[in-house]
Amino acid sequence: MVVDFFRGVYAIVAQVPPGKVITYGQIASFIGQPRAARQVGWAMWDAPPELNLPCHRVVNQAGAMSPPHIFGGEGRQRAMLEAEGVVFKANGCIDMARHKLKGLPDTKLHSIEQ
DNA sequence: CATTTGACTTTGA
DNA sequence: TTCAAAGCCAAAT
């Protein structure tokens, strides 16, 4: 089986270090479905708060963040990212070249794969 | 079972 | 990095 898509998303996001951000596409790629970036967002919606997933560290490729109604406020996500040490550009987008995660800190994804 | 929807990506300019 | 258009995948209706 392709493993629970959502399960993989949770595992990836949970391993994202503070002060760093990851794109939906990268998450999907780690799972094995580089085209299922949209479903990553769906998984986030279905993501239980018990996991304490740092959804604010998950952004799109352009460095733009999710709609405000997700975090219950306009500019809410930006505040959390700034608190983590993330640098924002004047336009309001994240400095991807500086914070875009290249690889996961732990390769424990071996369990969720396959 | 067919259609719509969406926390997106990629390519090109 | 930003704007525009087309494409993809899974869940909801």
Side-chain angles (χ1 to χ4, degrees):
Chain A
M1 189 168 76
V2 271
V3 190
D4 312 16
F5 192 95
F6 293 18
R7 190 84 157 98
V9 175
Y10 304 148
I12 305 290
V13 179
Q15 257 76 125
V16 176
K20 283 281 186 179
V21 296
I22 188 169
T23 69
Y24 295 91
Q26 282 215 303
I27 297 174
S29 296
F30 279 116
I31 302 172
Q33 299 268 354
R35 304 291 144 92
R38 304 195 81 150
Q39 277 50 277
V40 176
W42 206 283
M44 282 286 135
W45 188 264
D46 194 73
E50 291 80 54
L51 298 176
N52 263 334
L53 294 179
C55 353
H56 57 271
R57 292 182 199 151
V58 184
V59 296
N60 59 13
Q61 192 66 303
M65 53 192 93
S66 313
H69 63 263
I70 302 289
F71 293 89
E74 201 171 307
R76 188 87 193 76
Q77 183 174 9
R78 173 173 176 171
M80 285 191 292
L81 288 171
E82 284 182 316
E84 296 281 323
V86 177
V87 180
F88 275 74
K89 303 224 92 183
N91 43 9
C93 292
I94 303 174
D95 192 339
M96 300 307 288
R98 218 178 144 78
H99 299 288
K100 188 160 71 177
L101 191 60
K102 297 168 175 65
L104 291 174
D106 289 318
T107 321
K108 55 182 59 174
L109 307 174
H110 202 281
S111 307
I112 65 169
E113 273 285 1
Q114 302 162 34

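We use all heavy atoms of the structure for the numbers below, so side chains are in, but hydrogens, waters and symmetry mates are not. Chain identifiers are assigned alphabetically (A, B, ...) following the order of the sequence lines, protein sequences preceding nucleic acid strands; residue numbering begins at 1 within each chain.
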Practice item. Run through A:His56, A:Arg57, A:Met65 and flag the one making a side chain to side chain contact (heavy atoms under 4.5 Å, CB included) with A:Met80. Key: A:His56
Review point. Is the phosphate of C:dC8, meaning OP1 or OP2, less than 4.0 Å from a side-chain N or O of A:Gln39?
Key: no
Please state how far atom [atom1] in [X] lies from atom [atom2] in [N], giving the value in whole angstrom units.
X: A:Phe5; N: C:dC9; atom1: CZ; atom2: C1'; value: 8 Å
X: A:Arg38; N: B:dA7; atom1: CZ; atom2: P; value: 8 Å
X: A:Tyr24; N: B:dA7; atom1: OH; atom2: C1'; value: 4 Å
X: A:Gln33; N: B:dT9; atom1: CD; atom2: C1'; value: 14 Å
X: A:Phe71; N: B:dA7; atom1: CZ; atom2: C1'; value: 8 Å
X: A:Met44; N: C:dA10; atom1: CE; atom2: C1'; value: 15 Å
X: A:Arg7; N: C:dA10; atom1: CZ; atom2: P; value: 19 Å
X: A:Asn60; N: C:dC3; atom1: CG; atom2: P; value: 12 Å

Do [X] and [Y] come within less than 4.5 Å of each other through their side chains, counting heavy atoms only?
X: A:Lys100; Y: A:Thr23; result: yes
X: A:Met96; Y: A:Val59; result: yes
X: A:Ser66; Y: A:Tyr24; result: yes

What nucleotide among [options] has an atom nearest to a side-chain atom of [X]?
X: A:Pro67; options: B:dT9, C:dC9, B:dA7; value: B:dA7
X: A:Thr23; options: B:dT9, C:dT2, B:dA7; value: B:dT9
X: A:Phe6; options: C:dA11, C:dT1, B:dT9; value: C:dA11

Point to revise | Presence of donor-acceptor pair under 3.5 Å, side chain of A:Arg35 and base of C:dC8 | key: no
Point to revise | Shortest non-hydrogen separation from A:Tyr10 to A:Ala43 and the atoms involved | key: OH-O, 3.0 Å
Review point. Hey, does A:Met65 reach any base, or is it just sugar-phosphate, or nothing, if we go heavy atoms under 4.0 Å?
Key: nothing
**Study point:** Pairing partner of C:dA12 (Watson-Crick or G-U wobble, both distances under 3.5 Å)
**Key:** B:dT3
